[in-house]
Amino acid sequence: MTGRQRIQNYIGGELVGPVAGAYLDNFEPATGHVYSETPDSDERDVDAAVDAAQSAFKSWAVTPATERAEALLRVAAAIEANLEDLARAETIDNGKPLKLATTVDIPRAASNFKFFASAAVTFASEAHIMEQQGFNYTLRQPLGVCGCISPWNLPLYLFTWKIAPALAAGNCVVAKPSEVTPMTAYLLAELCADADLPAGVINIVHGLGPKVGAAIAAHKQVRAVTFTGSTRTGAEIATVAAPQFKKLSLEMGGKNPNIIFADCNYDEMLETTVRSSFSNQGQICLCGSRIFVQDSLYERFKTDFVKKVSALTVGDPLDGQTDLGAVVSAAHHEKILSYFELARAEGGDILCGGEARKPTGRCERGWFVAPTVIEGLSNDCRTNQEEIFGPVVTLQRFKTEDEVLASANDSRYGLSATIWTENLSRAHRLATQLHAGIVWVNCWMLRDLRTPFGGMKDSGVGREGGFEALRFFTEPRNICVKTF
Ligand code: NAD
């Protein structure tokens, strides 16, 4: 034993160690130190979790929707009651600024449970009348055991975004958080137990993707897999799960365009663009990483933007003044830095950043990257085509709407896009033609949980959010009744 805090799996309502007894080091990105240990689980732990979920499913599936909703609301209340502790835990685990965890990630995790509690009781199914013959009604029944696999960037928010609708629809889950940021999922397990969620309804298995995640995706009794993470992993999951005809929802990478026209509301655009580029150190799948600026505005924007970005504070994420905390891991830090070399080799001009940052004191060994702006690269180079997922954006000039539309869509990804213009017709015209699951006009990250969420092309298959999520987590069956 090391004396470090040990995270445990949550199976059948109990906090238990992994069968193999093995643990992985869990690092605090801001300091580079190991501060806890997370189970290095394997398929035996997944088998136990699926068995527990299968047993709980029998009664959870027939629990009235109002009671399921009440249980979800108890979990939401527990999250809200522990907001500060959860936010601090997420900051230590992930490296993001505490103010972001406190105001966005953790409150949104509670909102997920609240939203899907209400969706559970308002969800309705269809009926179709066949004049003079009969009618059809569609039964939407829960699937059984669902696998939920989530990434490290918004650890509790995305974890609950998957779990809450699955439970609302009457399923039980086997969920795996990222091994890089396991702490808030562990704390959620404790809260679920305190909130009297029936044993086995949520099971959480920690560990590595190729072991635990792959075992969930491959398990015969797991009827659906909802995954958020990289496109490469999504493809691996599909390879395993699709031949078993599991339902699949894959939310994957992005390389999102942010299109700025000269007629935009300049001050609002500038302020939001700093946020949409660098929130969470650029580690939000929806961050705009390719900024297209209309020629006549380009120089003004470049000067003001670089000035604002250069003034951002990079440092200890627990400090309330910090704008950018640490990036999530040593490996990710290296990956981001390697793109600076690539950008230079491709002929890019780094206008600010382009280097690691080393704060003094507590964080001197942490993994920090200066917010970086690059110009002078064509859209088809690797820097503009590959997902970096860090505090790095490129600037490109455009003259016409057609030109920027072609460049924005010239990507394997299609997650989100942002348009800045006061020209209403142009905004609508472009929005319909952009290859993106969500298009923001004159805003960013404004979310209505009722809307379908997901990406196009290599960014995603399936949609989450709203009733779309409850449809995903149910099996529609048609009952046809002859009446005449
Ligand atoms: P990742 O693909 O490395 O890991 C995601 C999850 O999958 C982790 O829990 C991991 O352990 C697991 N995993 C890894 N290999 C697996 C396998 N073979 N089988 C099953 N599971 C496996 O992604 P990441 O680095 O944690 O997250 C960053 C990525 O997530 C970025 O590409 C980002 O764009 C994407 N993302 C997308 C969205 C969205 O809504 N589209 C949201 C957030 C993040």
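The figures here come from the full heavy-atom set of this structure, side chains too, leaving out hydrogens, waters and symmetry mates. For ligands, and for the atoms within them, numbers begin at 1 and follow the listed sequence.
Nearest to atom 5 (C) of ligand 1 by heavy atom, out of N153, I149, L415, T228, is T228. The heavy atom nearest to atom 2 (O) of ligand 1, out of those in G254, S230, S329, A175, is found in S230. Of the listed options G253, G207, G229, G229 places a heavy atom closest to atom 35 (C) of ligand 1. Compare S150, S178, G437, C285 by their heavy atoms: the one nearest to atom 6 (C) of ligand 1 is in S150.
Under the side chain to side chain contact (heavy atoms under 4.5 Å, CB included) rule, E28 has a single partner from I92, V34, T91, which is I92.
Summarising the local packing, CZ of R471 is surrounded by more than 12 heavy atoms from other residues, nucleotides or ligands at distances under 6.0 Å.
When hydrogens are left out, the protein atom nearest atom 26 (O) of ligand 1 is W152 CD1, 3.0 Å; that is the closest non-hydrogen contact. With hydrogens left out, the protein atom closest to atom 32 (O) of ligand 1 is E387 OE1, 2.6 Å, a heavy atom. The nearest protein atom to atom 10 (C) of ligand 1, hydrogens excluded, is given as E179 OE1, 3.7 Å; this is a heavy-atom distance. Ranking the protein heavy atoms by distance from atom 40 (O) of ligand 1 puts F453 CE2, 3.4 Å first. Nearest protein heavy-atom contact of atom 37 (C) of ligand 1 is M252 O, 3.1 Å. When hydrogens are left out, the protein atom nearest atom 3 (O) of ligand 1 is T233 OG1, 3.9 Å; that is the closest non-hydrogen contact. Ranking protein heavy atoms by distance to atom 18 (N) of ligand 1, first place goes to E236 OE1, 2.9 Å. Nearest protein heavy-atom contact of atom 17 (C) of ligand 1 is G209 O, 3.6 Å.
Side-chain contact between L83 and P107 is present, with heavy atoms from C-beta onward closer than 4.5 Å.
Of all the atoms in ligand 1, the ones that sit under 4.0 Å from a non-hydrogen atom of P177 are 9 (O). Per-residue contacts place K176 under 4.0 angstrom from the following atoms of ligand 1 (heavy atoms of the residue considered): 9 (O), 10 (C), 11 (O), 12 (C). Taking every non-hydrogen atom of F227 and a distance limit under 4.0 Å, the qualifying atoms of ligand 1 come out as 2 (O), 5 (C), 6 (C), 7 (O). Interface atoms of ligand 1 facing I237, defined by a heavy-atom separation under 4.0 Å, are 19 (N), 20 (C), 21 (N). Within the listing of ligand 1, atoms 19 (N), 20 (C), 21 (N) sit less than 4.0 angstrom from a heavy atom of G213.
Aromatic ring centres of F123 and F467 lie closer together than 6.0 Å. Aromatic ring centres of F292 and W420 lie farther apart than the 6.0 Å criterion allows.
The minimum heavy-atom distance between Q244 and K220, with the atom names listed, is OE1-CA, 3.6 Å.
Separation of atoms CG (D40) and NE2 (H206) is listed at 12.5 Å; rounding is to 0.5 Å. The structure places CG of D458 at 4.5 Å from CZ of R412, a figure rounded to the nearest 0.5 Å. If you take CD on Q8 and OG on S41, they are separated by 9.5 Å, rounding to the nearest 0.5 Å. In this structure, the separation between CZ on F113 and OG on S118 is 14.0 Å, given to the nearest 0.5 Å.
Figure legend: K358 and F368 shown without cation-pi pairing, the cationic atom not lying both under 6.0 angstrom from the six-membered ring centre and within 45 degrees of its axis.
With a 4.0 Å heavy-atom cut-off, ligand 1 is reached by the side chain of L158 but not by its N, CA, C or O.
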